[in-house]
Amino acid sequence: MCSASSKISDLDDNRILGLTLPFMAGIYIHIPFCKQACNYCDFHFSTSLQYVDEMTDAICAELIMKKNRITDQVGSIYLGGGTPSLLSEKSLLKIFDTISTHYSIDSAAEITIETNPDDLDANKIAVLRQSPVNRFSIGVQSFFNEDLLWMNRAHNANEAETCIKRSQDAGFENLSIDLIYGYPLLTDEKWFSNIRKVIGLQVPHISAYSLTVEPRTALAHAIKKGSQLPVNDEQSAAQFVSLIDKLAVAGFDHYEISNFSLPGKHAVHNTNYWRGVPYLGIGPSAHGFNGHVRYLNVASNAKYISELTAGRLAETVEELSLHDRFNEYIMTSLRTMWGTDLQKVASYGKVFLEDTSKNIKPFIERDWLKTEGNKIILTAEGKLFADYIASELFLFNEHAAD
Ligand code: SF4
């Protein structure tokens, strides 16, 4: 995959992004604790905080054991979860001390922590100010109390707004806000109000997700019982379209299906995922990727801690086939505003280019895809069907079982 053609497109994308950083490896750390379970969430977390110290030690042990997997400078660190803002000052400093002792971090690295509004009091912000963190991703979801209650979020609307202003006052200007749309309680008026609010608060990055009902969540159970309405796909699509329109007027780039930013404020860490840049996955349920191999950590806090305490990694390794890597490239690149590069498709082999050129035709005729030079890009209408279109462009090795 490190062909000359992929290097050319990297340079092109770098210029479009307005980034000065080369694409450097990242570190993702999963902090698997939450105060309470949001009704729609199927991420890996525990609401028992009993083993936070043991988890911190295990995460530091894994960071040390994997240090040789990244030999270049680290360009981004992302503490996700779960709720990393639940960590104490002691745990946060221990993790960052371990990283700085064992890895070489670029001086301009993007260092993000996912936070929930109820954790971001003046004290926690002061602690984070003393840490290397330079970006917050805040799980706001809505500025309406009834909606937050419906989601079983731990914060209220006042905390959602206050924590943004407080973070900005403390010097954290590189903020990203998560919003959710498409749930039954969200009228269009409330949705427009949420969008106006984030624009008015001068937040430079927004991640917006349509509510997905995952199996084995409280929400899926309630819908099945009939105590909650199912998601209305038409309402969700209409709210997505209005989001795109309103943020475009406010000067935001729609740079990935779920992500919008003011120029130069793209998330470096996430953009690198979509570009196939290697990253380490640390913590229970975390995934890592080195360009060919995917590493999957066990999704159990107890097993993770016991393995790492015994000096063993708690991961399984999945070697990606050429077709797996191609399909992953299609899925991730098509969702971005830079689109899928046919030169890069060709670097997988002649047959990949021939089949893709044939497979995109019906979508171009339907005006769901357009071509710009060597790039295939989703049209405004195509953005509503991004995952379906990508799946139709996947290719499979018919001879794999031979
Ligand atoms: S805070 Fe985030 S990770 Fe925790 S339950 Fe809610 S959505 Fe899931």
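First listed ligand is number 1; within each ligand, the first listed atom is number 1. Just so it is clear, the structure is predicted and the values come from calculations on it, not from any experiment.
Rounding to the nearest 0.5 angstrom, the gap separating the CD atom in Q239 from the CD atom in E234 is 12.0 Å.
Of all protein heavy atoms, the one closest to atom 4 (Fe) of ligand 1 is C34 SG, 2.3 Å. The nearest protein atom to atom 3 (S) of ligand 1, hydrogens excluded, is given as G82 N, 3.2 Å; this is a heavy-atom distance. The single protein non-hydrogen atom nearest to atom 5 (S) of ligand 1 is C38 N, 3.4 Å, given as residue, atom name and distance. Distance from atom 2 (Fe) of ligand 1 to its nearest protein heavy atom, with residue and atom name: R153 NH1, 4.1 Å. The nearest heavy-atom contact from the protein to atom 1 (S) of ligand 1 is N116 ND2, 3.3 Å. The shortest contact between atom 8 (Fe) of ligand 1 and any protein heavy atom is with C41 SG, 2.3 Å.
No side-chain donor from either of Y209 and D178 sits under 3.5 Å from a side-chain acceptor of the other. Counted by atom type alone, S104 and Q73 present one or more donor-acceptor pairs between their side chains at under 3.5 Å.
Close approach of ligand 1 to Q36 (heavy-atom distance below 4.0 Å) involves ligand atoms 5 (S). Residue F45 has at least one heavy-atom neighbour below 4.0 Å for each of these atoms of ligand 1: 5 (S). Close contacts of ligand 1 with T83, meaning ligand atoms under 4.0 Å from a residue heavy atom, involve 1 (S), 4 (Fe).
For the pair K246 and F192, the distance from NZ or CZ to the six-membered ring centre is under 6.0 Å and the angle to the ring normal is within 45 degrees.
Aromatic ring centroids of Y279 and Y28 lie 6.0 Å or more apart.
Classified by interplanar angle (parallel below 30°, tilted 30° to 60°, perpendicular above 60°), the ring pair H266/W338 is tilted. Aromatic ring orientation, F352 versus Y348: tilted (interplanar angle from 30° to 60°).
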